[in-house]
Structures are given as structure tokens and as C-alpha cells.
Asks: 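One structure is given below, represented as C-alpha cells, and several questions about it will come after.
Remember, predicted model here, so these are calculated numbers, not experimental data. Along the sequence shown, residues are numbered consecutively beginning with 1.
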Amino acid sequence: MIARVSLEIALRKEFDYLIPPGLAGQIEAGSRVQVPFGARKVLGTVTALAGESAYANLKPILKIIGTQSLVTPKVLKLARWIADYYCCAPEIALKSVLPEAVRREEEGWKKQLFVRAFPAGGEFPKLPKRQQEVWNIIEERRELPLTELVELAETTAATVRKLEDRGLVEITPEISERDPYAREHILPSQPLPLNPAQGKALEKIKAAMRHDEDGGLKLEDGKRGPSSICRPPSSTFLLHGVTGSGKTEVYLQALAHALEQGKGAIVLVPEISLTPQTVERFKARFSSGRLQTLVAVLHSHLSAGERHDEWHKIRQGRARIVIGARSAIFAPVEPLGLIIVDEEHEHTYKQEEAPRYHARDVAIMRGQMENAVVVLGSATPSLESYYNCKKGKYTLLELPERVDNQKMPRVRVVDMRQAAKEKGPPIFSLQLKEAITQRLERGEQTILFLNRRGYSTALQCPKCGYVAQCPNCSLALTYHRPEQKLRCHLCGFVGAVPAVCPNAKCGNPAIRFAGTGTQKVEETLAKLFPNARVRRMDADTMKRKDDYRKTLGDFRAGKTDILVGTQMIAKGLHFPNVTLVGIIYADLALHQPDFRAGERTFQLLTQVAGRAGRGDVEGEVFVQAFTPFHPAIQYARRHDFTGFYEQEIEFREQLKYPPVSRVALLTLRGRNEDKVKFSAEHLRKVLESAVHSPQSTAGTANAKPDCGLKTGDFRDLIIAGPAPAPLLRAEQFYRYQIMLRTRAMSKLSQTLAKIIRTLALPDDVTLAVDIDPVNLG
Ligand code: ADP
Ligand code: ZN
């Protein structure tokens, strides 16, 4: 017998090995094995068994790692689809389907020492600086291998032992902490009587689950793109419900139905909304009663031990419901009846490093492979999903009203061009200032949103135009007031603030800060409303794990009047006493060089506005904008998703952007700009000949390097570029991009995989392939 093995050294290829007689019968698809590779021994995963091989002189497998094959055949098939469709090495895809903690255990990780925060009682001692730094990491991670901690903290085991002596940590040879939520006491919840719209949605979902139960579907080989998935329209749903319309209650009752059918389920939520409150809502429903089951939670803040345990709970079938971020889509739930993707439009479902998969699309593919019903939910669906409804691929379910007849908040757009005339662009318009004053008087709460942290977004010389730039990136530096430094938000560079303009020919001492960040909003509020209790929530103030919970807890308890924040506060928060939301600059995201800029702005405004008026008092939203008549802003003002969709899809049709077609983004990256540029031009030529194209149409009226290639498989293919990436330089690397657009993405992926295998690039230039990118940066 032959085993096909994908190797950990991540070559874009699999290799055949002999199964020695001693291991016959033990090795199956999904087994982890050690094999010889040249003079080395490397680990890999068996992806298939075969009777014979096309190659002669095969070497035998050396040994099998662990006892149980960890990757189930179904998840293995999913990993293979990811490797094919997203154009990455099989091992890279395989790696992402198993948590590191589970893989490593099989390889003897268990024998390591683990450091774990000890449930602390009493006063926390004042620690020497080094120990405090080490403690911060332990507190954040709760549990991690000693070797990893020593490396992360750049410290020694002796320092960690000092913390152990103080009784703050425990060092043991076992992964141990079991249930990350065990300490919390959760009150059970009962299903609510549904309103008519919820009831109708639930009935359709249940009907589809019964249909799939009958096994009415025949699978086809999953080598196709998610949008071309051919399923009966009854199996994938888009639940479009305005903020506060009770989507979660529909999920909960659909989950109960899956359990009744003896099936399990996966619930995906964006990492940012995986708060204890969200998890609690699911645990509360299934922690007692007839359907009682364990709810497993998977997310990036779990310790290695917790992740290991949660995974095994699922694998052993003890937990039937999994709630987690992106990678939870690979949880070994069997049989799988239902997959829910909440906030399906969220870009964080896309993984930004290889494998660059989109968890929503993987969910749909997995649903198809395993006959599970998929429910995508959002108040602001992605254009992709809504388009698929229009095309009859998904079924649209709508919850058009808030529960309990709460009104949607009244949204007012403030024209900042008018306000700016008075003296420079102000942070607060008169209207917003007045509205805040009112809320303070009435004891109601306000949320202010600005998606830019720091104090000022640029340091600029008004005389010569000099702007302080990051030395590593093509990005302006942001001024941070508390530490009086300039920072790069991309690479983390920190620089001093120059006293005079650094331009040698200028030297103007009147160099000044421009642009507003959350720190400046907070400071200005303190001046305008000296008695208001203001808190800021952004990446700078939310450094520790507990900060988030504490700040929101204080806000809920009414200890804060005004909460200022970045996108961190845009979603999912439900505070009945918030009656005012102010969006400081609504057009920030509008002018980015990305075809989704309008869609993103619409989504963000709608989501932020949805934080207002979730109690008895009607909410009010002020949207301050310099382009108040932009459609994204106007449709958001009217809570009109379909209106926005109709005009946006027209623009996508005209320019052949998704969802009308699909995009592959090829990014070449290197320290030497000329080499990167040259490599990109070379790649374009290779691409053109691979798709048998006629010569480029350079020199025509169209100045953009954009041309349609009309041949065979790729009749609709458009190759654009190479062009410098919107952010030409990032972390010292220059980037050039080629953008491909076609409807036949699965075919294009195959062609790209072939090209990559033989493409000759200079040693210091790398190529990244991103299929269906969400970020064009
Ligand atoms: P969404 O997820 O659509 O934003 P939620 O599910 O958070 O909305 O619902 C908002 C609030 O309405 C929650 O407090 C929820 O408990 C409540 N709710 C949901 N459905 C019902 C119902 N049928 N009857 C009464 N209250 C409901
Ligand atoms: Zn930088």
C-alpha cells in the first residue's frame, strides 16, 4: 500500500511513501506520520491511500504519530478544497484545520512544562519590572508552555520560578485548566415566543433541516468556488435582520432543532464579538433542560490547554455545539446539522495569511459536503451574499423590524463643510454638542465613534508641505499625546517629535499636527464637558484582556457618560441607556482605493447607528460628514439596505467587480523596488501566455494597464497591473500587485497553482496569492 503524504515543510506538492508491513492497517487518511525526506526526517499528514504510485523506489514511512487520526475524512476533504481553491500548499491548509495544541500533543508536547496563572486571592503584590512583564503575558494567556513564555518574554525560567515562589503561578507538566467558563455562573434561559417574522424564518430553516435529514441531496466533488455551489436553494439561508431584530433567538431555536435531530452545530462569530456576553447567551440556553449539552468555545484567547480540551470535547462528541471565531469552522463536529455565520459580512472572516480562506465561504462548502444547513446572518449583508439570494442560490429570510416595536434610531447627517467654514474643521458640530449636553442633563449615555486612534493623524509643515512619514512604510506617522511620540500604526515604528520642520531647506518652527484621532476627541470632550465621565476604548487603552470587560462593565453600570472608541465599539453592544450616537467623521473610509469603500462605510454607519435606542427611549444618531450626499451615507441614514444594494451592484456590474465576478490578487514583495517591479512584469507575461491571450492592449485610449483577454476558459478574464499596491511600502518591503477578475475562479486557481510551481523569481522577491481578497492594501 502507498500513502500520499503532505509534508510539514510545506512544499506545494504531496509525496508518495510505502506503508511498511508493520504499520499496515494503522495508517489512514488523516494520520500524522514521520517520513524520510532527503537526509532529514520530517512530519506530515497522510492525505490519501492508494494501491500504486506513479513513482519508483518509494521510501517507507518511518512511524505513525499518535493513535487516532486527528483529522476526520470530512475535514480532510475540506482542507483539500482549501488548498485547491485558495491556491496554497496542502500542508498549509492541513495545519489550519487542527489547533496547534492538538497537533503538538501528539508529537510529545505533553511532556513539556506549562505555566499557568494561579487563581489569585487577596492583594496583588507590587512586582519588580521584569517579573511584572512576565506576569502580564501569563495573565493574558492564562496558560502556556514554559519554553514559549521564556521566549516571548525574553526572560529565563528562573524569573518565572520567582513568580511561582510568590504563589502567582503554577508550573506543572500537564495541560490542565478544563472549562474556561467554569468559574462563571450562568442562569439558564428559555426559548422566547417568536414574533411572526422570526417564526417564519425559523420554520423555513427547520424545513430545510428535515429535507437534508432525508438525505435528498447528492454531493458533487467540491472543487468549485463557493458562489458556484449548486445546492437546492433551501439549504443556505441569508437572515437579513436589522440591528436588534432578534436574529440570535432564531439561531438559538434552530440550534435546539439540530440537537433534537441528534446533530451538532457550529456557530461562527467575528473574534471581536466573541465576548463573554455572547458566549453566555448560547451557554445559558443549552446548559440545562432536556437538550442539555456542552457548548465548546474556540477562540484565540484560550490558553493552549483550554484549546486542546475544547477540541477533544468536540471530537469525542461530548460538546455538540461549538461557538468560535474563524477557525472554528474546522471543528470536528459529527454529524453536523447546522452552521451559523453571524455578522457574515465581517471582513475578519477572511484570514490574511496563508491559507487565505474566507470562513463564510468555507462554511458554505462544508455545509454542502456534509448536508448541513447554513444560516448567514447580518443587519448589513455582504453584497456577495445578497447577490446570491437574488440569483436564487441562497434563500433570503427577513426580519425587518426591531423586537418589541422599538423604533430604528433617527439619523441626522451634519454637513461639516458648513461647520468647517467657521474656523477650521471642528471635531463637534453645534448640533452634536447640543445633543450631548441634553443627554448629560437627562442622565442618558452617549457613544462617540471615530475609526482612528492616536491624537493627530499627521505631522505636517504648513510652509513646505512636509509630512512625517514612517521610515519603513509609505504611511504618515500618528502623534500619540500621552507618550509624546510619533507612531506607525502598521509596523509599530516609534519616533520623536521634531521641534522644527526636518526638511533641511525649510526648518520652519511652526510645524503642526493635523487630523483628529480618538485621543484628541477625548481631550476635547474634557474641555467642553468638564463634569462628564468619559472613557476611551481603542487599541491603546485596551491593552490587557480585562480592560475590555471592565470598561464595558462600568459603562453598563452607568459609571460612564460618554464612551469614545474605534471600531471596537461599533458592533454587538447592547446598552438600553444609550440614546445618542455620534459619528465624528463618517467619510474616513470612503476615499480609500478599494472598490468596497462604499460598502464598508454603509455597513459601519449602520452598525454604529444600531447601538442607539435599544431601550425605551428612541435613539438619535448624528453622522458628521464632509460628503453628506454620498449614497453610502444617505442610504445608511434611511436604514435602506436594498436601496444601497441596488445602486452599488450597478457600479460593480459596470466595472466587473465582485460579486459579479471574482478577484485574485497577486502581490509581489521585496526590499528592492526595481526587482519587485521587474518580477511583477515578468509574472504578467507568464500569466498572459498561460491563458493564451492576445497581446496586451497597451496604448489604447484606456490609460490603465487593463485589458480583457478573450480566450477559451478565461473568456471574461481581466488582468490589471502590475501596479504599486495602494500602500507601496510596508515594513520595509515594496509591493506590486496584479489583479485578476473572472467568474471562473476555480479554474483560474488551478492555472495559478501550475504557474507558481514553475515561476522563477529572484530569491528576495516573494509572491502571495489572495483569492477573493477583502483587503486590497
Ligand atoms: P440581533 O441579534 O438581531 O441584533 P438580538 O437577538 O440581540 O437581536 O435581540 C435583541 C433583544 O430582543 C434581545 O434582548 C433578545 O432577548 C430580545 N428578543 C429577541 N426575540 C424576542 C422575542 N421574540 N420576544 C421578546 N424579546 C425578544
Ligand atoms: Zn511603519
Side-chain angles (χ1 to χ4, degrees), residues 243 380 407-442 444-453 456-457 514-529 532 534 536 538 561-567 569-570 578-592 597-614 617-641 643-644 647:
T243 50
T380 50
K407 286 210 192 108
M408 293 301 284
R410 184 189 293 267
V411 182
R412 300 170 200 278
V413 179
V414 184
D415 186 345
M416 294 301 272
R417 292 169 307 181
Q418 288 306 108
K421 274 183 196 142
E422 289 147 27
K423 55 173 175 9
I427 300 177
F428 298 106
S429 59
L430 285 175
Q431 293 96 311
L432 181 54
K433 253 188 279 188
E434 210 163 281
I436 296 174
T437 310
Q438 265 180 14
R439 295 318 184 285
L440 290 171
E441 281 164 4
R442 298 206 294 244
E444 293 167 7
Q445 291 171 301
T446 299
I447 287 181
L448 295 176
F449 173 84
L450 175 63
N451 211 2
R452 244 177 3 190
R453 63 194 174 93
S456 294
T457 43
T516 299
T518 44
Q519 288 175 2
K520 194 160 161 188
V521 174
E522 186 187 24
E523 188 191 89
T524 312
L525 279 170
K527 279 187 204 140
L528 291 174
F529 308 104
V534 180
R536 173 162 59 89
D538 56 27
D561 299 309
I562 305 174
L563 189 63
V564 180
T566 53
Q567 72 219 15
I569 61 169
V578 173
T579 58
L580 174 66
V581 165
I583 296 164
I584 306 291
Y585 297 128
D587 4 34
L588 276 188
L590 215 47
H591 309 297
Q592 278 163 10
E599 183 180 1
R600 252 174 234 190
T601 300
F602 176 83
Q603 288 168 345
L604 199 58
L605 296 186
T606 308
Q607 297 282 353
V608 180
R611 301 311 112 217
R614 301 188 54 129
V617 185
E618 192 181 343
E620 197 177 21
V621 180
F622 284 88
V623 176
Q624 304 189 138
F626 292 95
T627 46
F629 296 107
H630 191 284
I633 293 177
Q634 284 299 323
Y635 284 113
R637 177 176 77 76
R638 297 198 289 263
H639 310 287
D640 183 1
F641 173 80
F644 175 74
Q647 70 88 36

Asks: Would you call E522 and T518 a side-chain contact if the rule is heavy atoms closer than 4.5 Å?
Replies: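 They are not in side-chain contact.
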Asks: Would you mind listing every salt bridge (Lys or Arg N to Asp or Glu O under 4.0 Å) that reaches into residues 427-437, with sequence neighbours excluded?
Replies: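 Residue pairs with at least one partner in residues 427-437: there are none.
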Asks: Could you give the distance from CZ (F629) to OG1 (T627), rounded to the nearest 0.5 Å?
Replies: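 Rounded to the nearest 0.5 Å, the CZ-OG1 separation comes out at 10.0 Å.
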Asks: Are R611 and F449 packed together at the side-chain level, in the sense that at least one heavy-atom pair is separated by less than 4.5 angstrom?
Replies: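 No; the side chains remain at least 4.5 Å from each other.
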Asks: So, using side chain to side chain donor-acceptor pair (under 3.5 Å) as the criterion, who are the partners of T606 when residues are at least two apart?
Replies: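 For T606, no residue satisfies side chain to side chain donor-acceptor pair (under 3.5 Å) once neighbours in sequence are set aside.
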Asks: Heavy atoms only: give me the nearest I427-Q624 pair and the separation to one decimal.
Replies: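 Scanning both residues, the minimum pair turns out to be O-NE2, 2.8 Å.
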Asks: May I ask you to test the Q519-S456 pair for a side-chain heavy-atom distance under 4.5 Å?
Replies: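 Q519 vs S456: side chains apart.
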Asks: Determine the minimum heavy-atom distance between L432 and F622, stating which atoms define it.
Replies: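 Smallest heavy-atom distance, with atoms named: CD1-CB, 4.0 Å.
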Asks: Heavy-atom distance under 4.5 Å between the side chains of I436 and F428, does that happen here?
Replies: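 A side-chain contact exists here, since the closest heavy-atom pair is under 4.5 Å.
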Asks: Rounded at 0.5 Å granularity, tell me how far CZ in R410 sits from CZ in R637.
Replies: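 Between R410 CZ and R637 CZ, I get 10.5 Å after rounding to 0.5 Å.
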Asks: List in chain and number order the residues that pass side chain to side chain donor-acceptor pair (under 3.5 Å) with T437, two or more places apart in sequence or in another chain; answer none if no residue qualifies.
Replies: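 Here no residue qualifies.
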Asks: With a 4.5 Å cut-off on side-chain heavy atoms, are L563 and Q445 touching?
Replies: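 The answer is no, as the side chains (C-beta and beyond) never meet within the 4.5 Å cut-off.
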Asks: Of the non-hydrogen atoms in L605 and A586, which two are nearest, and what is the gap between them?
Replies: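 Closest pair (atom of L605, atom of A586, distance): CD2-CB, 3.8 Å.
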Asks: Quick one: pull up CD1 in I562 and CG in L580 and give me the separation to the nearest 0.5 Å.
Replies: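 That separation rounds to 8.5 Å.
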Asks: With no hydrogens and no angle check, is any side-chain donor or acceptor of E620 less than 3.5 Å from a backbone partner on T579?
Replies: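 No.
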Asks: Considering non-hydrogen atoms only, spot the tightest contact between P409 and V621 and give its length.
Replies: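 Shortest heavy-atom separation between P409 and V621 comes out as CB-CG2, 3.8 Å.
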Asks: Side chain to side chain donor-acceptor pair (under 3.5 Å) with R600: which residues, sequence neighbours excluded?
Replies: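 R600: side chain to side chain donor-acceptor pair (under 3.5 Å) contacts with H347.
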Asks: In the structure I gave you, are the side-chain heavy atoms of L588 and L450 within less than 4.5 Å of one another anywhere?
Replies: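 Answer yes - side chains close enough.
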Asks: Does the side chain to side chain contact (heavy atoms under 4.5 Å, CB included) test come out yes or no for V411 and H639, once each step is laid out?
Replies: CA-CA 9 Å; V411 182; H639 310 287; 3.8 Å; yes
Asks: Looking only at heavy atoms, what is the nearest atom pair of L448 and L525, with distance?
Replies: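 Minimum heavy-atom separation between L448 and L525: CD1-CD1, 3.7 Å.
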Asks: List the residues meeting salt bridge (charged side-chain N to carboxylate O under 4.0 Å, His left out) with E444, not counting sequence neighbours, and say none if there are none.
Replies: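 Expected list: R439, R442.
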Asks: Which atoms form the tightest heavy-atom contact between V623 and I633, and what is the distance?
Replies: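 Minimum heavy-atom contact is CG1-CG2, 4.3 Å.
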Asks: Name the orientation class of the two ring planes belonging to F602 and F641 (parallel below 30°, tilted from 30 to 60°, perpendicular beyond 60°).
Replies: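 Judged by the thresholds at 30° and 60°, the geometry between F602 and F641 is tilted.
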Asks: T243: which residues meet the side chain to side chain donor-acceptor pair (under 3.5 Å) condition with it, sequence neighbours left out?
Replies: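 For T243, the residues satisfying side chain to side chain donor-acceptor pair (under 3.5 Å) (neighbours in sequence not counted) are R402.
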Asks: State, with a plain yes or no, whether a side-chain heavy atom of D587 is found less than 4.5 Å away from one of T601.
Replies: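 Of all side-chain heavy-atom pairs linking T601 with D587, none is under 4.5 Å.
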